[in-house]
Amino acid sequence: MVPVKKEDLRTLVTETTKEVYEELTPHLVQLINQTHRNPSLTEAQKQDEISIHMMGYVKSCTNEIIIEVLAEILGLEDEDEE
C-alpha cells in the first residue's frame with residue numbers, strides 16, 4: 001500500500017510497528033532471561049545489561065520499521081523474493 005494521505009501513512013507505520021515489535025520481542029525476552037540467570041553478574045550489572053538489551057531492542061525495532069515502511073512505499077522486495 002502506497003499511502004496517499006498522512007492518515008494512510010500513520011496507519012502503515014502503526015501496523016508495521018506492531019508487527020516488528022511482536023516479531024522481535026521473543027529475542028529480547030530470551031536475552032533478559034539469560035541475563036537474570038547469569039550468576040557471574042551482580043544485580044546492578046544485570047540491570048545495566050537489561051538496559052543495554054532494551055536500547056538495542058528499540059534501535060532494532062526502529063530500524064526495521066523504517067526499512068519495512070520505506071520498502072512498502074517504494075515497492076522494494078527482499079532479495080529472496082525476486
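All values reported here derive from a predicted model rather than from experimental measurement.
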Derivation and outcome, side-chain contact (heavy atoms from CB on, under 4.5 Å), residues Tyr57 and Ile52: CA-CA 9 Å; Tyr57 171 72; Ile52 291 168; over 6 Å; no

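- Rounding to the nearest 0.5 angstrom, the gap separating the OG1 atom in Thr62 from the CD1 atom in Ile67 is 10.5 Å.
- Annotation: salt bridge (charged side-chain N to carboxylate O under 4.0 Å, His left out) contacts of Glu43 (sequence neighbours excluded): Lys46.
- Residues Glu49 and Leu41 have side chains in contact (heavy-atom distance under 4.5 Å, counting atoms from C-beta outward).
- Side-chain contact between Met54 and Ile32 is present, with heavy atoms from C-beta onward closer than 4.5 Å.
- The shortest distance between side-chain heavy atoms of Ile73 and Leu9 falls below 4.5 Å.
- Under the 4.5 Å side-chain contact rule for hydrophobic residues, Leu28 and Val58 share a cluster.
- To the nearest 0.5 Å, the span separating CD on Glu68 from OG1 on Thr17 amounts to 11.0 Å.
- Taking OG of Ser60 as the reference point, atom CD1 of Ile65 lies at 10.5 Å (rounded to 0.5 Å).
- In this structure a side-chain-to-backbone donor-acceptor pair under 3.5 Å is present from Gln45 to Thr42.
- Each of Leu24 and Leu31 belongs to its own hydrophobic cluster when Ile, Leu, Val, Met, Phe, Trp and Tyr are linked at side-chain heavy-atom distances under 4.5 angstrom.
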Working for side-chain contact (heavy atoms from CB on, under 4.5 Å), residues His36 and Ile50: CA-CA 9 Å; His36 278 301; Ile50 290 170; 3.5 Å; yes

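- The closest side-chain heavy-atom distance from Glu22 to Thr25 is not below 4.5 Å.
- By the 4.5 Å heavy-atom criterion applied to side chains, Leu76 and Leu70 are not counted as neighbours.
- With sequence neighbours left out, the salt bridge (charged side-chain N to carboxylate O under 4.0 Å, His left out) criterion links Glu15 to Lys18.
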